[in-house]
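Down below is the structure, laid out as structure tokens.
Nothing fancy with the numbering, it's 1 onward along the sequence.
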Amino acid sequence: MKTKKTIWIPAIIAAVAAALLVAYYFYVSPFQGSGRPAGGAEGIRPPRGEGPEGSGEIFKTLGTISVFLGACSFSWFWFKRKLKSPSLLVRRTGKFLRSVHKLLGWATLAVIAIHGIYFLFARPEDNNIYTGLAGFAILLAIAGYGFLINKVRNKWMRTVHRSLGLLWVPVLLLHAGGSVIVVVIASLAVWILVRVLERKGKEPLKPSSQHS
């Protein structure tokens with residue numbers, strides 16, 4: 001198995017691109033603090049349900065769904081070491097996540113692409129596009145490494161793949177805010193539940209009382 005660290009180069013490029021997009025987001029954001037539309041044009045907002053504000057709701061929902069899909073896919077790294085857990089439920093959950101990990105990853109990429117393309121054309125003046133593009137750059141790298149992980153025999157592949165997943169979280173938090181916070185809290189709750197189930201699984205069975 002190869003051990004060349006050059007395998008990190010595409011990941012570093014994606015991370016630098018994401019960092020530049022985030023930096024640009026912070027640079028231009030103060031200029032939209034006047035309360036007027038980004039393009040400087042003033043006018044009456046369309047009624048709710050019309051125009052980008054209304055028609056974009058379904059695409060906002062797709063963005064939220066993609067966050068949950070990504071979290072479910074990423075949770076496989078948590079459950080990877082739980083395949084021999086004393087809890088039957090935890091073991092089964094781990095095996096299920098292993099079987100759907102790639103599917104969830106591709107679904108996340110597809111849903112985010114649809115979400116992003118819509119807002120890229122519908123609201124090109126929205127500065128959140130830059131943080132969205134930053135997250136998408138990292139996600140593309142994650143998907144690329146995930147696709148090649150069993151094709152390129154390099155010991156660093158899984159480490160890069162996992163590191164990009166961790167890097168994606170703060171960028172996603174900056175872009176999606178509350179949705180990501182909810183997902184993080186839910187993930188922590190699941191992990192606490194796993195610990196509880198494992199402790200119960202380690203408890204010796206109490207002998208049943210025998211009646212004379």
For [X] and [Y], indicate whether the former's side chain and the latter's backbone hold a donor-acceptor pair under 3.5 Å.
X    : Y    : value
D126 : F119 : no
W156 : T3   : yes
R91  : K84  : no

Tell me the closest heavy-atom pair linking [X] and [Y], and the distance in Å.
X    : Y    : result
S66  : T108 : O-CG2, 3.6 Å
L97  : C72  : CD2-O, 3.8 Å
S179 : V67  : O-CG1, 4.2 Å
P86  : E198 : CG-O, 3.6 Å
N128 : T131 : O-OG1, 2.8 Å

At what distance, to the nearest 0.5 angstrom, does [atom1] of [X] lie from [atom2] of [Y]?
X    : Y    : atom1 : atom2 : result
K80  : H101 : NZ    : NE2   : 8.5 Å
M157 : T159 : CE    : OG1   : 10.5 Å
F136 : H175 : CZ    : NE2   : 11.5 Å
L139 : L167 : CG    : CG    : 11.5 Å

Side chain to side chain, R98 and L83, heavy atoms closer than 4.5 Å: yes
Any non-hydrogen side-chain atom of V190 less than 4.5 Å from a side-chain atom of S75? no
Do F77 and F74 have their ring centres less than 6.0 Å from each other? yes
Using a 3.5 Å cut-off and no angle test, enumerate the donor-acceptor pairs between side-chain atoms of residues 6-26 and protein atoms at least two apart in sequence or in another chain.
none

Answer with yes or no whether the hydrophobic clustering places I117 together with L140; edges join I, L, V, M, F, W, Y residues whose side-chain heavy atoms lie under 4.5 Å apart. no
Results of ring-ring contact (aromatic ring centres under 6.0 Å, His included) for W78 - residues two or more places apart only: W191
